[in-house]
Amino acid sequence: MKFGETFMEYLHGEQESFLDKFSHVEYKRLKKVLKTCRSLHGSYGADEQEDENSDALSRLCRYESCPLCDKIFFSELMKEASDIAGCFSSRVRHLLHLHIATGMQRYVLLLRQCFKNDRQTIAEEGRMLIDYVTMNAIAIRKILKKYDKVHSSVNGRDFKRKMQAKHIELLQSPWLIELGAFYLNFNESDEEESCKISCQFSCDLSTTEPVMTLRLPDSMKLECNLTCSICLDTLFNPHALSCGHLFCKSCACSAASVMIFQGLKAASPESKCPICREAGVYSNAVEMLELGLLLKRRCREYWKERLIAERAEMVKQAKDYWDSQTKYVIGY
């Protein structure tokens, strides 16, 4: 079965009521745009063969923009990708907030579970969100590949880089990693309920490079390295910067020249990611609570050692900071 048919079957299948609330890639319509463009270029190609100047036409879309496609294709695809990324992140944030609720909200949710099985509902919604983001990511990849094939260009590949620069590359979202950690945590707490759903995720912390693997449809495999690029150790209290790179909180604070107790929100807008050197990526950093919980359960001794060391460093930083503030106010 062709992907276009598979995608339409997915949109109108058992998850149709769930998908009505979300944006999705207009795969069929974008494919029609490319088909129209192909027929147009085909007719031009016939004329050029008569004039024996077909080389000039073949270079037209390789080095220049295509007026027919660029007016509709890329602008709409960028908007759709942005809407999908926004929908996905907001729904996952809400879902995980229910799972790791604290304080009074946690007691309310525990009370609700006495009358209603919310755990299975949460797990099922998480599975549908994974299907949603992976199917749309595959649709974007397929349609961009078709664009490059029709135009003999690399513009589709360049468009992927633009998506990464705007932080809307779906399979690089930190919320997908959080969702994977959620299922692995869910599986450990209630194996019978979730084992069928979480089998597409795996986490190997025994190797020199700890990694989380997500097996996706269409023979795709997504691997996330769980090593901090600053301390070169397994992530502790992991945070994802808005560029998508993962670091320990203490390491990210050090890179941003802020103290641990101040947090990443205190970082200067000019502070850059240590890996990609993009500025302004600290203010919207995501605290990876589910990933932290997974690593804490799997690496108890390591987590305990890092926790003691970070608390000692935090106390030292706070003492030095307030000593310097006191000297500044008093004047000696």
Side-chain angles (χ1 to χ4, degrees), residues 1-13 15-16 19-20 22-88 130-173 176 214-223 244:
M1 185 184 290
K2 292 184 178 180
F3 176 76
E5 296 172 1
T6 304
F7 189 63
M8 294 308 295
E9 202 173 89
Y10 163 73
L11 292 177
H12 301 291
Q15 298 183 16
E16 186 173 6
L19 295 170
D20 284 343
F22 299 93
S23 303
H24 61 83
V25 176
E26 295 290 347
Y27 186 84
K28 197 173 181 180
R29 188 155 57 84
L30 291 173
K31 196 174 176 182
K32 282 183 180 178
V33 172
L34 293 180
K35 195 172 182 180
T36 305
C37 188
R38 179 186 287 170
S39 62
L40 179 64
H41 281 282
S43 63
Y44 279 138
D47 295 334
E48 293 296 329
Q49 273 186 350
E50 293 176 6
D51 298 331
E52 296 182 353
N53 289 323
S54 58
D55 288 344
L57 178 64
S58 65
R59 288 194 297 269
L60 177 65
C61 285
R62 186 183 295 274
Y63 299 108
E64 299 177 14
S65 60
C66 174
L68 177 64
C69 283
D70 288 3
K71 187 177 180 181
I72 304 170
F73 188 88
F74 286 125
S75 58
E76 289 197 9
L77 191 56
M78 182 66 80
K79 183 181 182 303
E80 288 167 3
S82 180
D83 290 344
I84 292 164
C87 288
F88 178 69
I130 293 167
D131 290 344
Y132 168 71
V133 77
T134 52
M135 289 299 289
N136 279 283
I138 294 169
I140 291 172
R141 184 168 65 92
K142 294 276 189 184
I143 202 70
L144 289 175
K145 194 173 179 181
K146 284 182 182 295
Y147 179 96
D148 283 346
K149 187 176 180 181
V150 168
H151 298 89
S152 300
S153 74
V154 294
N155 293 338
R157 202 175 357 170
D158 293 341
F159 182 78
K160 290 180 185 177
R161 296 194 190 99
K162 291 180 183 177
M163 288 175 61
Q164 291 172 358
K166 290 180 177 288
H167 309 139
I168 56 174
E169 175 61 53
L170 300 179
L171 295 182
Q172 292 182 3
S173 170
L176 185 59
L214 169 60
R215 299 191 181 280
L216 305 172
D218 202 36
S219 302
M220 292 173 64
K221 187 170 75 169
L222 186 67
E223 290 188 345

Review point. Going through the checks in order, is the side-chain contact (heavy atoms from CB on, under 4.5 Å) test met by Leu30 and Lys146?
Key: CA-CA 10 Å; Leu30 291 173; Lys146 284 182 182 295; over 6 Å; no
**Study point:** Contact summary for Tyr147 and Ser153, nearest pair of heavy atoms
**Key:** CE2-OG, 3.6 Å
Check your understanding: side chain to side chain contact (heavy atoms under 4.5 Å, CB included) with Gln172: which residues, sequence neighbours excluded?
Key -> Gln164, Glu169
Practice item. Could you pull out the closest heavy-atom pair between Gly4 and Tyr27, with the gap in Å? Key: CA-CE2, 3.6 Å
Review point. Can you list the residues that meet the salt bridge (charged side-chain N to carboxylate O under 4.0 Å, His left out) rule with Glu26, with sequence neighbours excluded?
Key: none
Practice item. Check the pair Asp158, Arg161 against salt bridge (charged side-chain N to carboxylate O under 4.0 Å, His left out), reporting the backbone distance first and the verdict last. Key: CA-CA 5 Å; Asp158 293 341; Arg161 296 194 190 99; 2.5 Å; yes
Review point. Does a side-chain heavy-atom distance below 4.5 Å link Leu34 with Ile143?
Key: yes
Practice item. Name all residues meeting the side chain to side chain contact (heavy atoms under 4.5 Å, CB included) criterion together with Lys160; count only those two or more places apart in sequence or in a different chain, and write none if there are none. Key: Arg141, Leu144
Revision key, fill the gap. Those residues at least two apart in sequence (or on a different chain) that pass side-chain hydrogen bond (donor to acceptor under 3.5 Å, both in side chains) with His167 are Glu278
Point to revise | Gap separating the CZ atom of Arg29 from the CZ atom of Phe73, nearest 0.5 angstrom | key: 11.0 Å
Practice item. Might you point out which heavy atoms bring Ser23 and Cys87 nearest each other, and give the distance in Å? Key: N-SG, 4.1 Å
Practice item. Using modelled atom types only, decide if a donor and an acceptor are shared between the side chain of Asp148 and the backbone of Arg157 within a distance under 3.5 Å. Key: yes
Exercise for review: Nearest 0.5 Å please: distance from the CG atom of Leu170 over to the CD1 atom of Ile140.
Suggested key: 4.5 Å
Check your understanding: Considering only heavy atoms from C-beta outward, does the side chain of Phe7 approach that of Lys28 to under 4.5 Å?
Key -> no
Check your understanding: Taking side chain as C-beta onward, heavy atoms only, is Thr6 less than 4.5 Å from Met135?
Key -> yes
Review point. How far apart are the closest heavy atoms of Asp131 and Tyr10, and which atoms are they?
Key: C-OH, 3.6 Å
Point to revise | Distance (rounded to the nearest 0.5 Å) between Leu214 CG and Ile130 CD1 | key: 6.5 Å
Point to revise | Pairwise distance CZ(Phe3) to NZ(Lys145) - rounded to 0.5 angstrom | key: 12.5 Å
Practice item. Return the set of residues passing ring-ring contact (aromatic ring centres under 6.0 Å, His included) with Phe159 (not counting sequence neighbours), or none when no residue passes. Key: Phe74
Check your understanding: Are Phe88 and Leu176 side-chain neighbours, meaning at least one heavy-atom pair lies under 4.5 Å?
Key -> yes
Exercise for review: Name all residues meeting the salt bridge (charged side-chain N to carboxylate O under 4.0 Å, His left out) criterion together with Lys79; count only those two or more places apart in sequence or in a different chain, and write none if there are none.
Suggested key: Asp83
Exercise for review: Kindly indicate, with the supporting measurements, whether the criterion side-chain contact (heavy atoms from CB on, under 4.5 Å) is fulfilled by Leu11 and His24.
Suggested key: CA-CA 9 Å; Leu11 292 177; His24 61 83; 3.7 Å; yes
Review point. Do the ring planes of Phe22 and Tyr132 sit parallel (below 30°), tilted (30 to 60°) or perpendicular (above 60°)?
Key: tilted
**Study point:** Close side-chain approach of Ile168 and Met78, heavy atoms under 4.5 Å
**Key:** yes
Check your understanding: Backbone N or O of Val25 within a donor-acceptor pair of the Asn136 side chain at under 3.5 Å?
Key -> yes
